[in-house]
Q: 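Please see the structure below; I have some questions.
Throughout, residue positions are numbered sequentially from 1 according to the sequence presented.
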Amino acid sequence: MTIYLNALGIICSLGSTHDTIRARLFAGDSGVHPDPCRTNADGQALSLGAVAPATLPDDDHLPLRERSRNNRLALAALAQIRSQVDAAITRFGAHRVGIVLGTSTSGIAESEQAFRQLASGGALPDAFHYGQQELGSPATALAVTLGTTGPAYVHSSACSSSGKAMASAARLINMGLCDAVICGGADSLCDFTVAGFSALESVSAERCNPLSANRRGINIGEGAALFLMSREPARVALHGWGESSDAHHISAPDPEGRGATLAIGQALRRAGLAPSQIDYINLHGTATPQNDAMEAKAIHALFGAGVPVSSTKPFTGHTLGAASAIEAGLCWLAMQDNNATGLLPPHLWDGTADPALPALDTVAVGRALGHAPRHVLSNSFAFGGSNVALVFSRMEG
């Protein structure tokens with residue numbers, strides 16, 4: 001039976017509505033900008049993909065331990081699909097609706113603020129609860145908001161988290177444990193991730209430059225994307241998924257791309273598709289030296305240089321645990337009826353290809369297929385070699 005993605009709620013540095021995000025994406029209008037409040041060791045302002053604070057809803061209805069910017073991002077995405085979710089709860093029952101999310105930060109930013117106050121004033125603020133940084137908090141916050149009693153949990157496997165959440169949601173439906181699942185991810189900017197990736201010398205002060213000979217690393221971003229997933233027919237289906245583990249290094253990928261190749265192969269086989277049937281590939285495309293080299297090698301080995309590819313991280317920043325879901329959301333938007341010409345997410349970079357990498361067919365701004373994409377692959381590769389590949393298919397009729 002086919003698993004469908006019935007509705008999408010998405011918020012990121014490109015905006016908080018489908019129309020705004022789609023328009024900026026296809027126009028090549030990046031949401032990544034320098035933030036003077038966060039600098040690298042040389043004092044340069046780091047480019048980040050931040051969400052405007054004014055776009056986030058209140059979280060006063062939640063217990064204190066579930067209040068965080070991270071959960072407000074998730075609530076903002078939920079608000080966009082609330083009517084469809086409520087209808088599913090009414091139709092199936094609260095116990096038959098699950099919630100599976102991915103995150104890597106949860107409420108760490110709230111802990112950072114609280115500990116700064118503790119250091120300066122000798123006491124934690126009244127509005128702080130240690131449970132705010134609990135990784136399961138986003139799922140609990142949505143369950144409390146919606147009143148659902150089905151399975152509710154969170155994956156935290158770094159940058160593959162929300163892709164794994166989507167695969168897990170599909171398994172819940174296939175196993176008959178749920179009739180519908182709210183799945184996706186949320187991640188928020190915090191000093192911990194910015195400083196951590198800076199310490200690894202993986203952060204670029206300028207907008208990230210994937211596949212370029214001049215790439216210098218990632219831009220951290222934030223956002224949330226939530227899908228309503230069920231067996232009820234919709235335009236886009238999650239047609240296949242694959243997961244693997246490199247077991248190679250705590251932070252570096254297997255340089256030969258064996259784990260990535262395994263995950264992509266599983267996703268294609270589950271979808272019943274040949275590589276030649278994929279219309280577009282959304283790369284993990286972090287613009288770090290090792291990831292881009294590994295991914296380019298894996299993609300070229302499986303697809304050659306004939307499939308259009310792009311990384312959308314120069315638009316949104318790397319949203320870490322939410323990256324898979326947000327990038328799935330950008331693919332979902334490109335597969336809708338209002339993109340009949342088949343505009344593709346472009347690859348923003350300086351155009352200076354790294355001669356050490358296999359050649360790939362990067363998408364220029366304005367490039368279109370001539371028809372809406374039929375089959376799309378989206379990759380996410382995380383620390384520890386945690387890999388996930390998702391295949392989305394446009395369902396006609």
Side-chain angles (χ1 to χ4, degrees), residues 25-26 28 30 32 159 202 204 206-219 242 244 246 248 252-268 271 273-316 318 323 327 330-331 334 342-371 373-381 385 387-392:
L25 177 68
F26 292 147
S30 173
V32 173
C159 312
S202 296
S204 173
E206 300 83 21
R207 191 182 70 198
C208 69
N209 201 4
L211 299 181
S212 170
N214 302 312
R215 65 190 186 279
R216 294 187 177 90
I218 71 173
N219 310 129
S244 68
D246 288 2
H248 172 75
D254 173 3
E256 298 304 314
R258 286 179 285 247
T261 301
L262 181 61
I264 295 168
Q266 288 179 5
L268 290 172
L273 296 173
S276 60
Q277 292 177 274
I278 297 297
D279 288 325
Y280 162 72
I281 299 173
N282 181 278
L283 301 172
H284 186 53
T286 59
T288 57
Q290 294 185 62
N291 174 85
D292 284 13
M294 173 278 293
E295 187 172 17
K297 184 178 292 187
I299 294 300
H300 193 272
L302 287 168
F303 299 92
V307 180
V309 305
S310 70
S311 168
T312 49
K313 287 180 173 67
F315 287 95
T316 64
H318 191 340
E327 290 162 23
L330 299 181
C331 293
L343 283 167
L344 295 175
H347 188 79
L348 296 185
W349 65 324
D350 62 6
T352 305
D354 186 341
L357 305 186
L360 298 178
D361 183 14
T362 53
V363 176
V365 175
R367 180 172 172 182
L369 292 171
H371 56 80
R374 300 185 184 100
H375 304 291
V376 166
L377 170 71
S378 186
N379 295 328
S380 293
F381 309 125
N387 308 305
V388 63
L390 305 174
V391 172
F392 307 104

Q: Enter the distance from Asn209:CG to Arg207:CZ here, rounded to the nearest 0.5 Å.
A: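 Rounded to the nearest 0.5 Å, the CG-CZ separation comes to 8.0 Å.
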Q: Backbone N or O of Pro373 within a donor-acceptor pair of the Asp279 side chain at under 3.5 Å?
A: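 Here the side-chain-to-backbone pair does not exist.
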Q: Considering non-hydrogen atoms only, spot the tightest contact between Pro346 and Phe315 and give its length.
A: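 Taking every non-hydrogen atom into account, O-CE1, 3.3 Å.
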Q: Looking at residues at least two apart in the chain, or sitting in another chain, which of them share a side chain to side chain contact (heavy atoms under 4.5 Å, CB included) with Pro358?
A: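 Pro358 satisfies side chain to side chain contact (heavy atoms under 4.5 Å, CB included) with Ala296, His300 only.
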Q: State the OG-CZ distance between Ser244 and Phe381, to the nearest 0.5 angstrom.
A: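 Atom-to-atom, Ser244:OG and Phe381:CZ are 8.0 Å apart.
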Q: With side chain to side chain contact (heavy atoms under 4.5 Å, CB included) as the criterion, how do Thr362 and Val309 come out once you've worked through the C-alpha distance, each side chain's angles and the decisive distance to 0.1 Å?
A: CA-CA 5 Å; Thr362 53; Val309 305; 4.2 Å; yes
Q: Donor-acceptor pair, distance only, cut-off 3.5 Å: does the side chain of Ser378 make one with the backbone of Leu390?
A: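 Not a single qualifying donor-acceptor pair exists.
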Q: Return the set of residues passing ring pair (Phe, Tyr, Trp, His ring centres under 6.0 Å) with His318 (not counting sequence neighbours), or none when no residue passes.
A: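 For His318 the ring pair (Phe, Tyr, Trp, His ring centres under 6.0 Å) partners, ignoring immediate neighbours, are His284.
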Q: Working to the nearest 0.5 Å, report the span between CG of Leu211 and CG of Leu357.
A: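 Rounded to the nearest 0.5 Å, the CG-CG separation comes out at 6.5 Å.
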Q: Could you pull out the closest heavy-atom pair between Cys331 and Tyr280, with the gap in Å?
A: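 Shortest heavy-atom contact: SG-CE2, 4.2 Å.
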Q: What residues, two or more places apart in sequence or in another chain, satisfy salt bridge (Lys or Arg N to Asp or Glu O under 4.0 Å) together with Asp292?
A: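 Salt bridge (Lys or Arg N to Asp or Glu O under 4.0 Å) check on Asp292 returns Arg215.
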Q: Out of Thr352, Asp354, Asp350, which one pairs with Ser212 under the side-chain hydrogen bond (donor to acceptor under 3.5 Å, both in side chains) rule?
A: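 Running side-chain hydrogen bond (donor to acceptor under 3.5 Å, both in side chains) over Thr352, Asp354, Asp350 with Ser212 returns exactly one hit, Asp350.
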Q: Under the criterion side chain to side chain contact (heavy atoms under 4.5 Å, CB included), I'd like the reasoning laid out for Lys313 against Glu327: C-alpha separation, chi angles, the key distance, then a yes or no.
A: CA-CA 9 Å; Lys313 287 180 173 67; Glu327 290 162 23; 2.7 Å; yes
Q: Measure from the side-chain N and O atoms of His347 to the backbone N and O of Ser311, and report whether any donor-acceptor pair falls under 3.5 Å.
A: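 Between the backbone of Ser311 and the side chain of His347 there is a qualifying donor-acceptor contact (under 3.5 Å).
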Q: Can you sort out the partners of Ala364 under side chain to side chain contact (heavy atoms under 4.5 Å, CB included), two or more places apart, ordered by chain and number?
A: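 So Ala364 forms no side chain to side chain contact (heavy atoms under 4.5 Å, CB included) with any residue.
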Q: Within this structure, what is the NZ-CG distance for the pair Lys297 and Leu302, rounded to the nearest 0.5 Å?
A: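 Separation between the atoms: 13.0 Å.
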Q: Return the minimal non-hydrogen interatomic distance between Leu348 and Pro210, and the atom names on each side.
A: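 Leu348 and Pro210 have their closest heavy atoms at O-CD, 4.0 Å.
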Q: Starting at CZ of Phe392, measure out to CD1 of Ile278 and round the result to the nearest 0.5 Å.
A: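 One gets 10.5 Å once the value is rounded to the nearest 0.5 Å.
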Q: Return the set of residues passing side-chain hydrogen bond (donor to acceptor under 3.5 Å, both in side chains) with Arg367 (not counting sequence neighbours), or none when no residue passes.
A: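 Once residues adjacent in sequence are excluded, the partners of Arg367 under the side-chain hydrogen bond (donor to acceptor under 3.5 Å, both in side chains) criterion are Asp361.
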Q: Ala389: what forms a side chain to side chain contact (heavy atoms under 4.5 Å, CB included) with it, not counting sequence neighbours?
A: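 In terms of side chain to side chain contact (heavy atoms under 4.5 Å, CB included), with neighbours along the sequence ignored, Ala389 is linked to Ala263, Ile264, Ala267, Leu377, Asn379.
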Q: Compare every heavy atom of Pro314 with every heavy atom of Ser30, then report the nearest pair and how far apart it is.
A: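 For Ser30 and Pro314, the tightest heavy-atom pair comes out as OG-O, 2.6 Å.
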Q: Rounded to the nearest 0.5 Å, what's the gap from OG on Ser202 to CD1 on Ile218? Could you check?
A: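 Going from OG on Ser202 over to CD1 on Ile218, the span is 6.5 Å.
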Q: Output yes when a side-chain donor or acceptor of Ser204 lies under 3.5 Å from a complementary backbone atom of Glu206, and no otherwise.
A: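 Present.
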Q: Which heavy-atom pair separates Gly217 from Cys208 by the least distance, and what is that distance?
A: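 In terms of heavy atoms, the two residues are closest at O-CB, 3.3 Å.
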Q: Is Ser310 close to Leu344 at the side-chain level, that is, under 4.5 Å between some pair of heavy atoms?
A: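 SC-SC contact between Leu344 and Ser310 ruled out.
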Q: If only atom types and distance count, is the side chain of Gln290 paired as donor or acceptor with the main-chain N or O of Pro253 below 3.5 Å?
A: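 A pair under 3.5 Å: no.
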